[in-house]
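Comments concern the structure below.
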Amino acid sequence: SYELKAFDPVTGFSISSFATTLPVVEFDSISAKRETNDDSLDVTITYKINDPAGDNYYLVNVYTDSIPDNDFFNFTGESNTNSIAFSDREFPPGEVEREDEFTLTMTDTLVVTLTNISQDYFDFIKARERSGNSFLSEPISFPSNVTNGLGYFNLHFPSSRVVEVD
C-alpha cells in the first residue's frame with residue numbers, strides 16, 4: 001500500500017489518500033490488424049488475457065506516435081493514448097478475449113499496455129468516460145478517494161507489449 005499526504009502550511013489544509021497495487025496481469029496473446037483499405041485509420045486489436053480468479057477490472061491503453069482523433073476517452077483532452085476500461089464479468093471465468101477497434105494514425109507499430117485496476121478506480125474512469133471530459137456535459141459526481149479533497153489517487157503497474165500492425 002502507498003500513502004499520499006499533502007499539507008499547505010499557509011492555509012493549514014491537508015489531504016491524504018491510500019492506494020494498493022494489484023498483481024500485474026499479462027497478455028496471453030495480442031495482434032493488431034488494419035482494415036482492408038490500406039488508407040484506413042481503423043485498427044482492430046485482438047487480445048487474450050489469462051484472467052485471475054475473482055472479479056477483475058482492466059485498463060488497456062494503446063499508444064501511437066501522434067495525437068488520435070477518436071471517440072474513446074483520454075484524461076488530458078489531447079494525447080497519444082487511446083484507453084478502454086472493462087470488467088471480466090462479461091467473460092467466462094479465467095478467460096478474457098476481446099477485439100477493440102481504434103482509430104489511429106497511419107503507424108505500423110503500437111505499444112499496448114494492460115493494467116489490473118481496482119473496482120473503485122474503474123468506477124472513477126467510467127465516470128470520467130460518461131462526462132465526456134467536457135464542461136458542457138451533464139454534471140457528474142466523480143468518486144474520490146482523497147480525504148479533504150477531490151480526485152483519485154491510484155498506483156498501478158501495467159504490462160506492455162510492442163505490437164506491429166498487419
Side-chain angles (χ1 to χ4, degrees), residues 1-30 32 45 47-68 70-98 100 102 104 109-135 137-163:
S1 288
Y2 296 86
E3 182 178 14
L4 169 71
K5 287 185 176 183
F7 177 75
D8 182 350
V10 175
T11 64
F13 187 74
S14 66
I15 62 168
S16 64
S17 187
F18 286 91
T20 301
T21 58
L22 296 175
V24 173
V25 175
E26 302 279 347
F27 290 107
D28 278 350
S29 62
I30 185 167
I45 299 176
Y47 52 94
K48 183 176 179 181
I49 300 167
N50 187 6
D51 184 44
D55 289 339
N56 295 293
Y57 302 86
Y58 298 106
L59 177 63
V60 171
N61 291 306
V62 179
Y63 297 89
T64 63
D65 57 1
S66 64
I67 297 171
N70 64 43
D71 293 331
F72 291 99
F73 71 96
N74 64 51
F75 297 121
T76 60
E78 290 202 8
S79 164
N80 66 343
T81 309
N82 290 266
S83 302
I84 292 182
F86 62 92
S87 166
D88 67 354
R89 287 186 246 167
E90 62 192 80
F91 301 96
E95 287 187 22
V96 172
E97 290 187 53
R98 285 183 60 103
D100 294 313
F102 296 89
L104 305 171
T109 306
L110 309 170
V111 174
V112 183
T113 64
L114 171 65
T115 307
N116 186 8
I117 60 175
S118 68
Q119 181 177 359
D120 290 339
Y121 186 52
F122 174 81
D123 293 341
F124 176 79
I125 290 170
K126 287 302 187 181
R128 290 289 307 255
E129 202 174 33
R130 282 192 312 277
S131 78
N133 289 329
S134 169
F135 291 107
S137 66
E138 174 184 342
I140 302 280
S141 179
F142 293 108
S144 176
N145 69 347
V146 179
T147 302
N148 296 326
L150 300 173
Y152 205 91
F153 174 60
N154 187 57
L155 181 66
H156 54 258
F157 297 108
S159 61
S160 301
R161 294 280 286 273
V162 175
V163 181

### Query
Roughly how far, to the nearest 0.5 Å, is the CG atom of Leu22 from the NE2 atom of His156?
10.5 Å
### Message
Tell me the closest heavy-atom pair linking Phe7 and Ser14, and the distance in Å.
### Response
CD1-CB, 3.8 Å
### Distance in Å, Glu95 CD paired with Asn50 CG, rounded so as to fall on 0.5 Å steps
8.5 Å
### Message
Whether the side chain of Thr115 engages the backbone of Ile117 through a donor-acceptor N/O pair (distance < 3.5 Å, no angle test) should be reported.
### Response
no
#### Entry: Nearest heavy atoms of Glu26 and Ile49, plus distance in Å
O-CG2, 4.0 Å
### Task
Kindly say whether Thr147 contributes a backbone atom to a donor-acceptor pair with the side chain of Ser16 at under 3.5 angstrom?
no
### Task
Measure from the ring center of Tyr121 to the ring center of Tyr152 and say whether it is less than 6.0 Å.
yes
### Audit row: Tyr58, Asp51, side chain to side chain donor-acceptor pair (under 3.5 Å) steps and yes/no
CA-CA 10 Å; Tyr58 298 106; Asp51 184 44; 2.4 Å; yes
### Message
Using a 3.5 Å distance criterion without hydrogens, assess whether the side chain of Asn56 forms a donor-acceptor pair with backbone atoms of Asp88.
### Response
no
### Query
Atom OG1 in Thr113, atom CG in Leu59: separation rounded to 0.5 Å?
6.5 Å
## Note on the structure
With Ile45 as partner, the option from Val163, Val62, Ile84 fulfilling side-chain contact (heavy atoms from CB on, under 4.5 Å) is Val62
### Summary
Pro23 and Asn116 have their tightest heavy-atom pair at O-ND2, 3.0 Å
## Note on the structure
Per side-chain contact (heavy atoms from CB on, under 4.5 Å), Leu114 is matched among Val25, Ile30, Val24, Asn61 by Val25
### Message
Just verifying a value: how many Å separate Ser87 OG and Gln119 CD, rounded to the nearest 0.5 Å?
### Response
8.0 Å
### Query
Taking C-beta and beyond as the side chain, do Pro143 and Asp120 meet within less than 4.5 Å on heavy atoms?
no
### Task
Kindly indicate, with the supporting measurements, whether the criterion side chain to side chain contact (heavy atoms under 4.5 Å, CB included) is fulfilled by Thr64 and Phe102.
CA-CA 11 Å; Thr64 63; Phe102 296 89; over 6 Å; no
### Rounded distance [0.5 Å steps], OG1 in Thr20 versus CG in Asn154
9.5 Å
### Query
Under 30°, 30 to 60°, or over 60°: which ring-plane class applies to Phe86 and Phe91, parallel, tilted or perpendicular?
perpendicular
#### Entry: Atom pair NZ (Lys126) and CZ (Phe142), whose distance is rounded to the nearest 0.5 Å
13.5 Å
### Message
For the backbone of Gly151 and the side chain of Ser144, can you confirm whether one donor and one acceptor N or O come within less than 3.5 Å of each other?
### Response
yes
### Distance-minimising heavy-atom pair for Val146 and Phe153
CG2-N, 4.3 Å
